[in-house]
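Reading through the structure tokens given below for one structure.
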Amino acid sequence: MAATFFGEVVKAPCRAGTEEEEEEEEESRRETPEDREVRRQLARKREVQLLRRQTKTSLEVALLEKYSCSKFIIAIGNNAVAFLSSFVMNSGVWEEVGCTKLWNEWCRTADTVHLSPADAFCVFYQLKSDPSVLLCQCSCFVAEDQQYQWLEKVFGSRPRKTTKITVLTCRHVTEYKTSESVGSLPSPFLKALKTQHFRDPVCCSLLEQPNIAHGLPAAVLSYCQVWKIPAVLYLCYTDVMKLDLITVEAFKPVLSCSSLKSLAKNIPQSTDILKKLMTAEGTQSNIYT
Amino acid sequence: MASRYDRAITVFSPDGHLFQVEYAQEAVKKGSTAVGIRGTNIVVLGVEKKSVAKLQDERTVRKICALDDHVCMAFAGLTADARAVINRARVECQSHKLTVEDPVTVEYITRFIATLKQKYTQSNGRRPFGISALIVGFDDDGIPRLYQTDPSGTYHAWKANAIGRSAKTVREFLEKNYTEDAISNDNETIKLAIRALLEVVQSGGKNIDLAIIRRNQPLKMFSAKEIELQVTEIEKEKEEAEKKKSKK
């Protein structure tokens, strides 16, 4: 209680809280059974499932616990996925070992059960000639509340420190903070961000402050930093976020880094595959000519 | 900071930016590449053709448009904005001809387009035009001209320039290869334009459109066959140059 200038007594807000206030707040905070049910349903809807794709059965353990690997390459976003498809996956035989299935508001369908692979799957592949190499193609959006689930399902609760992680993704060049004008930046361009335990040389300049990584790539890097796993993120800043030949080719310097050097063999054929991917994507919209 | 100063076109940011104009320049980069070259006796406009849908009539997707018999332009950016600008420019060309009984000079019509674009950067409720244009032609004095305009309403004369996606790559190519020799001959100028486009165009000659204006002659659009012939010649010359290099 406090007295004002005019002599009236008013109830002053108290951060410590009084007994009466706490009871009132608790009542309003108390969940009804309906609230709990809604929350449960929502959590079930947004659950990240790790499946064997062909059989659609759940994998009981985390992916990297089941398939131990020394190199794990993750492509997030359609340009990064196209890069790995054209330059890495065509140079060997890759076997699909699993996928994560998830639903969130960014999915184009409201049906959380019958999701299309393009919408909501991250697919994991293992190189047949060297099973210690795993690859992830993730073209769906993983929401903030689903990222930790995704990490647990993929990396597990005690990830191995011997695995080297490489993440590839794109961001729009207008999100790149610099004193230069955005128009003068030679987009697309590559920047790297690595964890403390990543000792290998990177194939491009490091991401300068105050720029940060976002979304699933940031979650992966943070997870690796906490668990002392060597990981590097190659971030391509581009002015075309849709599938674009020039953006995909901007990832080419990554082929010289230690994780990918031995994996990319047939570059001319890769360029052809990439061109086919581009035309398969369909014609552009008519808004820009 | 940008988000507070990019809602209304008429607002400067504290460091002097007009963000809507800069964002309009980003829209230009979404259009496919166009290149313009000013030769001694010829002006050339080359564009990267957009891939059209199967059921779409190709003739309705044009990046090179005539503004008058002796002036034409290529644009990059928002298609609808380009249509609006081109219509206004065409009307102005005829109005000028009827009023002063002389065709417009290339500089006059460029200035008209640039002034129109600038007006749209300085009125509220309107956004800038999201196009850059390359305007070429011959004046009555027989001198070839090439001008470029951008969404801010500025215009400059150029010897050679490129706009749209990968314009930087094409411009760097032109800076290296635009020589007096390269433009002395009409055919060489045409080849230079095609070579510049081939640096960035994905599937070669069939994705290129070309237009030329020669002194005292009307605009000529190249057919797909003619472009293929040029591309074949260029590839032959490249092979011969490489053979010579390897012999040395």
Side-chain angles (χ1 to χ4, degrees), chain A residues 78-79 82-83 86 170-190 209-212 214 236-250 252 267-289, chain B residues 1-3 6 15-17 19 21-34 47-56 58 60-65 74-83 86 130-131 150-152 164-169 172 199-204 207 209:
Chain A
N78 50 6
N79 284 304
F83 173 75
S86 322
C170 284
R171 289 300 284 191
H172 200 277
V173 69
T174 48
E175 294 177 34
Y176 182 67
K177 295 175 181 58
T178 171
S179 51
E180 292 173 42
S181 140
V182 162
S184 64
L185 291 170
S187 69
F189 57 92
L190 219 51
Q209 287 197 2
N211 293 291
I212 59 172
H214 298 80
C236 178
Y237 283 99
T238 174
D239 46 3
V240 182
M241 287 306 286
K242 332 187 303 196
L243 190 59
D244 167 57
L245 181 67
I246 299 170
T247 305
V248 174
E249 290 195 330
K252 269 186 179 166
I267 307 283
Q269 195 186 41
S270 307
T271 322
D272 288 332
I273 295 176
L274 185 57
K275 284 188 184 158
K276 278 197 193 130
L277 256 175
M278 295 291 154
T279 45
E281 278 292 306
T283 49
Q284 306 150 39
S285 80
N286 287 315
I287 301 176
Y288 301 98
T289 300
Chain B
M1 180 165 75
S3 56
D6 59 12
D15 56 348
H17 286 278
F19 282 111
V21 175
E22 291 181 23
Y23 297 164
Q25 277 159 345
E26 290 300 310
V28 170
K29 286 192 201 160
K30 287 186 144 51
S32 55
T33 319
V47 298
E48 178 187 356
K49 259 198 306 210
K50 250 187 59 178
S51 44
V52 290
K54 261 190 189 167
L55 299 172
Q56 197 172 38
E58 212 186 277
T60 53
V61 185
R62 283 263 179 261
K63 265 172 86 79
I64 302 179
C65 310
F75 65 90
L78 286 158
T79 323
D81 284 9
R83 192 183 66 234
I86 290 167
I131 64 160
D150 66 21
S152 63
R165 284 246 314 265
S166 322
K168 213 172 181 184
T169 315
E172 282 165 4
E199 292 284 304
V200 296
V201 164
Q202 288 162 33
S203 350
N207 270 17
D209 252 344

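Naming: A, B, ... by sequence-line order, numbering from 1 per chain.
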Report task. In sequence, state the C-alpha distance, the side-chain angles, and the governing distance for D244(A) and R165(B), and then conclude on salt bridge (charged side-chain N to carboxylate O under 4.0 Å, His left out). Result -> CA-CA 11 Å; D244(A) 167 57; R165(B) 284 246 314 265; 2.6 Å; yes
Report summary line: Pair count under 4.5 Å, heavy atoms only, with chain A: among G130(B), A80(B), G77(B), G31(B), highest is G77(B)
Report summary line: Rounded to the nearest 0.5 Å, the CD atom of E26(B) sits from the NE2 atom of H172(A) at a distance of 6.5 Å
Requested in this report: Working to the nearest 0.5 Å, report the span between CG of D81(B) and OH of Y288(A).
Outcome: 9.5 Å
Which portion of [X] sits near chain A, non-hydrogen atoms under 4.5 angstrom:
X	result
A27(B)	both
S166(B)	side chain
E48(B)	neither

**Report entry** T79(B) backbone acceptor or donor facing T289(A) side chain under 3.5 Å
**Finding:** no
